[in-house]
Structure formats: structure tokens, C-alpha cells
Amino acid sequence: MPENSQSVLQEKNRLIREKLLKWLPEQGEYQTQIAGFSLFRFDESESCENCFYEPAVGVVVQGNKRSVVGSEEYFYHEYDSLLNSVDLPSQNYILDATPEKPFLGLSLKIDRHIIGQLLMEQPELAQGNVETARGLSVMQIEVDVLDAFLRLTELLDNPGQIPVLAPMIVREIHYRLLAGPRGRFLRAINTAGSQGNRIAQAVSWLRKNYKEPLQVDELAKKVNMATSTFHRHFKQITTLSPLQYQKRLRLYEAQRLMLVENEYASRACLAVGYESPTQFNREYKRLFGEPPSRNVHKVRELQV
């Protein structure tokens with residue numbers, strides 16, 4: 001990046017950082033008045049947080065973060081932007097954060113309706129590569145995308161302008177992502193009839209039906225793909241096989257039930273679709289490193 005462009009990027013990032021520190025006096029996640037737009041602050045290095053990334057574009061404004069997404073590991077730093085085009089399981093770690101220099105970030109959910117509109121209205125956007133690609137990409141954020149995020153953040157100081165201006169800026173961000181170097185990731189998932197779009201349909205089905213027994217052949221038929229082709233593209237996009245993906249869904253939800261709703265491991269096991277407590281305990285330990293009860297107790301202690 002040319003030196004003058006880098007200085008512009010740094011200045012815009014500085015302005016966003018000032019806004020985030022104003023809006024986030026304490027650590028946590030802040031859902032703004034703008035639909036799908038969230039701000040984040042963490043004052044200390046966090047133990048592992050397990051979640052499913054929804055399609056979104058995120059920006060690291062300050063600090064460092066490590067994520068294990070599917071079977072791949074990513075490190076994000078200041079000025080980095082991550083784009084995930086499909087729901088992906090992740091284990092997230094905030095690194096080197098302190099109250100004096102907290103981790104700061106922001107995120108905007110990807111609206112597939114807006115992507116679809118833009119692809120129809122701007123045919124040139126739809127003419128790029130639609131080959132299957134990883135569901136998540138990380139790169140330094142483009143200056144024009146960061147500028148749009150700055151303007152979106154500034155709207156929080158002028159809530160009366162949000163209903164009119166926010167939809168335009170959100171649409172602009174989607175357009176710039178599609179027109180930029182990461183457009184191929186969005187096209188791969190959102191172009192009707194593409195392999196990536198069919199995998200996205202399968203992921204959506206799994207999210208809704210994760211408790212049900214999974215027959216990969218039947219799921220492949222649902223999205224009109226041969227089983228071998230389906231398996232190959234599913235793993236290429238999510239880094240996991242369909243069965244591994246379903247296991248993550250079940251185990252993350254079981255952990256949530258035990259942590260948030262105080263369910264016993266035996267009840268959480270059945271609630272997420274396991275029939276065998278032995279299998280549940282074995283797979284839980286394989287993912288989280290320790291048996292359910294011990295893991296939940298440890299996580300609770302770290303949250304105090």
C-alpha cells in the first residue's frame with residue numbers, strides 16, 4: 001500500500017478508535033441502533049469463547065485476536081478485516097488486552113438480500129470468479145471500506161440521521177466488498193446455482209436441524225449435489241466434514257445449555273441430539289479438552 005494511503009488508513013482507524021472508546025466505557029459487546037452493526041471492547045485477554053460466526057465483516061481497530069475457525073487458525077491484528085461468507089464454528093482468544101489498551105473491534109452482518117440486489121443491479125459484479133473458496137478470509141482492510149465504517153460509526157452520535165443514512169452506508173459497504181478483492185468470496189456463496197450457494201443452503205439446514213440424525217447422502221440430495229461433490233465442497237468452504245460440522249453445532253449448544261441455563265450434562269446431551277452419554281462425553285472432551293462438568297466449572301471460574 002502506498003505510504004499516503006497507509007497514513008489515511010491510520011488516521012481513519014484513529015478516529016474510529018476514539019468513537020469506540022467513547023461508546024464503550026466498559027468491556028463487552030454493544031449492539032448499536034443500526035441493525036447488524038456491533039462494537040466490541042475487551043480489557044483483558046480472554047479464555048476461549050466458542051461460537052458460530054454468522055456471515056459478517058469485522059474490523060480489528062486495536063489489539064490482537066486468535067481464532068480457530070473450523071480446522072484453520074487465524075491471527076488478526078490492527079487494521080485487519082475478516083470476512084466470513086457462511087456460518088462457521090470458531091474458538092476465539094483475545095490476546096494482550098489491558099484496560100489501558102483494550103481490544104477494540106466492530107462488525108457488520110452481511111445481508112444476503114443486499115448482495116443479491118447488487119448482483120442483479122450491477123451485472124459486472126456478478127461476472128467475477130464464483131469458484132468455491134474458503135468461507136472466511138483475512139486481509140488488511142481497504143481504505144474505502146474503513147471510510148464507510150467510520151461514517152457508520154459517526155452516525156451513532158446523530159441517531160436522528162440513522163434511518164435515512166445508515167441503510168445507504170450499509171449498502172455501500174456491501175458494494176465495496178463485492179467490487180473489491182474479496183468479492184469472489186461473496187459471489188461464491190451468493191450466486192444462485194453455484195456450488196458455494198448450495199453449500200450455504202446445506203449449512204442453513206444443518207443450523208436448523210442439528211439435533212436430527214444426519215444422512216449425508218440425503219442432505220446432498222436436498223441441495224442437488226452428488227455426495228462426493230457435496231462432501232468435497234462442504235469441507236473446502238467450512239474446513240470440516242458435514243458430520244464434524246454437526247458435532248460442533250451440538251457440542252457448542254450443549255456447552256451453552258450447561259453454562260447459561262444450568263443444565264446437567266446428561267440433560268444437555270439429550271437436548272442436542274445425542275443418544276449415548278458415553279459418546280457425548282468422549283466427543284466433548286475431544287473438542288474442549290476435558291469432560292463436560294469439569295469444563296463448565298472451569299469456564300465459570302474464569303468468568304468470575
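Every heavy atom of this structure was used, including side-chain atoms; hydrogens, water molecules and symmetry mates were not.
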Decide salt bridge (Lys or Arg N to Asp or Glu O under 4.0 Å) for E253 and R256; before the verdict, give the C-alpha distance in whole Å, the side-chain angles of both, and the deciding distance to 0.1 Å. CA-CA 5 Å; E253 175 60 12; R256 188 197 68 81; 2.8 Å; yes

Stepwise, does the side-chain contact (heavy atoms from CB on, under 4.5 Å) test hold for D111 with V170? CA-CA 9 Å; D111 188 323; V170 168; 5.7 Å; no

Yes or no on side-chain contact (heavy atoms from CB on, under 4.5 Å) for I141 and F149, after CA distance, side-chain angles and deciding distance? CA-CA 11 Å; I141 192 166; F149 270 116; 4.3 Å; yes

List the steps and the verdict of side-chain contact (heavy atoms from CB on, under 4.5 Å) for V86 and Y53. CA-CA 8 Å; V86 68; Y53 273 144; over 6 Å; no

Check for a donor-acceptor pair, side chain of N209 on one end and backbone N or O of W205 on the other, with a separation under 3.5 Å. yes

Check whether N281 reaches the backbone of P277 with its side chain - one donor and one acceptor, N or O, closer than 3.5 Å. yes

With a cut-off of 6.0 Å (strictly less than), are more than 12 heavy atoms of other residues, nucleotides or ligands near CZ of R207? yes

Does E275, at its CD atom, have more than 12 non-hydrogen atoms belonging to other residues, nucleotides or ligands within less than 6.0 Å? no

Which residue pairs pass the ring-ring contact (aromatic ring centres under 6.0 Å, His included) test with at least one member in residues 268-294, sequence neighbours excluded? Y274-F280, F280-Y284, Y284-F288

Between [X] and [Y], is any pair of side-chain heavy atoms under 4.5 Å apart?
| X | Y | answer |
| --- | --- | --- |
| N295 | V299 | yes |
| L214 | P242 | yes |
| M258 | P292 | yes |
| Y175 | L125 | yes |
| V8 | E11 | no |
| L206 | L219 | yes |
| L136 | T239 | no |
| R41 | L20 | no |

Assess the pair Y252 and F52: is the distance between their ring centroids shorter than 6.0 Å? yes

Take F37 and Y30, measure what ring-ring contact (aromatic ring centres under 6.0 Å, His included) needs, and give me the verdict at the end. CA-CA 9 Å; F37 184 45; Y30 174 61; 9.2 Å; no

Please evaluate residues D157 and K19 with respect to the criterion salt bridge (Lys or Arg N to Asp or Glu O under 4.0 Å), reporting the C-alpha separation (whole Å), side-chain torsions for both, the decisive distance (0.1 Å), and the verdict. CA-CA 9 Å; D157 291 324; K19 293 292 183 184; 2.5 Å; yes

When rounded to the nearest 0.5 angstrom, what distance separates CD in Q215 from OG1 in T227? 10.5 Å

Is there a continuous path of hydrophobic side-chain contacts, each under 4.5 Å between heavy atoms, that joins M139 to V60? no

Run the numbers on R187 and R182 for side-chain contact (heavy atoms from CB on, under 4.5 Å), then give the verdict. CA-CA 9 Å; R187 285 191 294 272; R182 290 178 288 179; over 6 Å; no

So R171 and E121, salt bridge (Lys or Arg N to Asp or Glu O under 4.0 Å) or not? Walk me through it. CA-CA 13 Å; R171 181 178 168 88; E121 295 170 7; 2.4 Å; yes

Got a salt bridge between [X] and [Y], using NZ or NE/NH1/NH2 to carboxylate O under 4.0 Å?
| X | Y | answer |
| --- | --- | --- |
| E283 | K247 | yes |
| R151 | D147 | yes |
| R267 | E261 | no |

Any chance the side chains of T191 and N197 put a donor and an acceptor closer than 3.5 Å? no

State, without any angle test, whether Q31 and E29 hold a side-chain donor-acceptor pair at a distance under 3.5 Å. yes

The test is ring-ring contact (aromatic ring centres under 6.0 Å, His included); show your working for F234 and Y245 and say whether it passes. CA-CA 10 Å; F234 192 100; Y245 190 96; 5.5 Å; yes

Tell me, please, whether Y93 has R66 positioned over its six-membered ring: NZ or CZ under 6.0 Å from the ring centre and within 45 degrees of its axis? yes

Closest approach of A271 and L257, non-hydrogen atoms and distance? CB-CD1, 3.8 Å

I16 and its side-chain contact (heavy atoms from CB on, under 4.5 Å) partner, picked from L39, L150, L21, V59: L150

